[in-house]
Protein chains: 2
Amino acid sequence: MKVLIIEDDPLHRSYLNEAIRAALPECDGVLEAENGNTGERMARDCKSAHIVMDLQMGQRNGIEAARTIWKERPETRILFWSNYSDEAYVRGVSRIVPVGAVYGYVLKSASDDRLKLALRSIFIESQCVIDREVRGMQQRSLGNVNGFTEAEYEILVDIALGLTDRAIAQRRNLSVRSVQNRLQQLYIKLGVYQPLGNQDDDGRFNLRARAVAVAFLRKLLNHSALERAETDLTAWLARQPHD
Amino acid sequence: MKVLIIEDDPLHRSYLNEAIRAALPECDGVLEAENGNTGERMARDCKSAHIVMDLQMGQRNGIEAARTIWKERPETRILFWSNYSDEAYVRGVSRIVPVGAVYGYVLKSASDDRLKLALRSIFIESQCVIDREVRGMQQRSLGNVNGFTEAEYEILVDIALGLTDRAIAQRRNLSVRSVQNRLQQLYIKLGVYQPLGNQDDDGRFNLRARAVAVAFLRKLLNHSALERAETDLTAWLARQPHD
DNA sequence: CGGGACCCTGCGGGATCCCGCAGAAAATAT
DNA sequence: ATATTTTCTGCGGGATCCCGCAGGGTCCCG
């Protein structure tokens, strides 16, 4: 059994290495990659079915890497070890995890023991381990009390990218009016909507831009989510016949 | 001589601690704080004039902390030790550094020796040390070849917050038309401007929203910059007589 | 002093956005 | 199968945005 570490911070990498050797004596080899690209390649080459990786790396995003790795071998077990529990990350992960896959999500702030326990649970006992904090957010997010539909999230990303209503309609196969309906939904859920009576702060905010701002502040969006969306968008634009 | 570490990652904290002891044998005490708030307090209490801190901490942003620390004692020497060289960070730092202050900015990816050298330069020899990569960005940014004016950056932040033209005009004491002029400048510099002939991708993008997206992708803006701007904004809103 | 470079400002118009209203279509419940 | 809810859609109008055009300041230079 081999374990692959994908993590760009050398300190964290060596810490992980040590933790893995301590927690998994049956492991006979720990490999290290310092970014998503080489991580993917090494996963492919050495057929390691056990991976620990950081989200948020400079070169190539952890989620991107995980997606392609899982696409090639869905039975791979991945433990995400991240600094943050941004909704953007959690959503990004749950979007790509294959059905029935074993994975984990623990925060770097977790204790030593917790990490080791997670390692054993996932790699030995085939059991998912999601950090309590992350799990809580997941519940809130998907259990639709104040959570965002896939449709709403999608349109949020679209306006964050700077698309017009018309472009979004085209992309999502909707009428312009429907796009605007969804936007209204979004504005309401983000608490940005302005009932007409409000004289105080009326007209101060451009709803569209404001929605993106609060989404960022709430960490519903973050840099890597935006980056991912941007590459998706350019791919779509390229496929598009020029009007 | 005492040194104060402000850094939320325990691994990095202990690494720093070790590096400081090794590089500065004349140092007779290393203190640690795990977020900006306690960092500020400790800086105030123990009158340490030598600080090493991370930007990007969960609790309270490094830049915020540095600002208040420098406001209280401008002669404090601060070494910023950060993962990234986002333009938003660099700009944020250079905005708050007092005239004549000694400070440094080195990336976490720098070698051991580089860090130790920086520590000695700043704390012993009173010399500023800016990482080459950061310095490069600073030049490009301020030497106005493709760099952004303070005015342009300001209006970028304003639209990122979701303000309307009118609100911006009010806030910055300008006419609406002037705001729009600056926006046009911004659009051009961000490479978002659409000359009218372009039939291909004409009308796909909402310039205002697109500008914000591009700024984020280029790391001209990031979460902490936005957060800072948001608190400034709410302060201004509170000061504002209701219409 | 006149010319030039720059920024601020008003005007006007076309494009876009925001959204209430109301009917059609689809999904869901009873 | 019918009722109810949800979603999609067109229409229309007011607000906002985007920006060309032109006039008015300020500052600098010859």
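Residue numbers start from 1 in every chain, and the chains themselves are labelled A, B, ... in the order their sequence lines are given, proteins ahead of strands.
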Starting from P on C:dC17, measure out to CZ on B:R210 and report it in whole angstrom. 15 Å
Can you find a side chain N or O atom of B:R166 that sits less than 4.0 Å from OP1 or OP2 on D:dT16? yes
Contacts under 3.5 Å, N or O only, protein and nucleotides 5-8 of chain D:
unit_1	atom_1	unit_2	atom_2	d
D:dC8	OP1	A:R182	NH2	2.5

Starting from P on D:dT9, measure out to CD on A:Q170 and report it in whole angstrom. 14 Å
For the side chain of A:T164, starting at C-beta, report the closest nucleotide among C:dC18, C:dT16, D:dC19. C:dT16
d(CG, A:D165; P, D:dT9) in whole Å: 14 Å
Is any side-chain nitrogen or oxygen of A:R177 closer than 4.0 Å to OP1 or OP2 of D:dG10? no
Which of B:T68, B:I63, B:I78 passes side-chain contact (heavy atoms from CB on, under 4.5 Å) with B:I96? It is B:I63
Under 4.0 Å between a side-chain N or O of B:Q180 and OP1 or OP2 of C:dC8? no
Under 3.5 Å, is there a donor-acceptor pair between the B:Q56 and B:N61 side chains? no
Does NZ or CZ of B:R77 come closer than 6.0 Å to the centre of the six-membered ring of B:F123, within 45° of the ring's axis? no
What pairs with A:R60 under side-chain hydrogen bond (donor to acceptor under 3.5 Å, both in side chains), at least two apart in sequence or on another chain? A:E40
Would A:N37 and A:R41 count as having a side-chain donor-acceptor pair, cut-off 3.5 Å? no
Residue-phosphate contact under 4.0 Å: A:Y193 side-chain N/O, C:dG20 OP1/OP2: yes
Between atom CG in B:N206 and atom C1' in D:dT16, what is the gap in whole Å? 11 Å
Whole angstroms only, please: what is the CG-P distance between A:L163 and C:dC17? 10 Å
Can you see whether B:R182 engages B:Q185 through a side-chain donor-acceptor pair at a distance of less than 3.5 angstrom? no
Is the ring centre of B:Y105 less than 6.0 Å from the ring centre of B:Y89? no
For DNA chain C, whose closest nucleotide is more 5', that of B:V176 or that of A:L183? B:V176
Atom-pair distance (CD1 on A:I155; P on C:dC17), nearest Å: 11 Å
I need the OH-C1' distance between B:Y187 and C:dA15, as an integer number of Å. 14 Å
In whole angstrom, give the distance that lies between atom CG of A:L207 and atom C1' of C:dC18. 7 Å
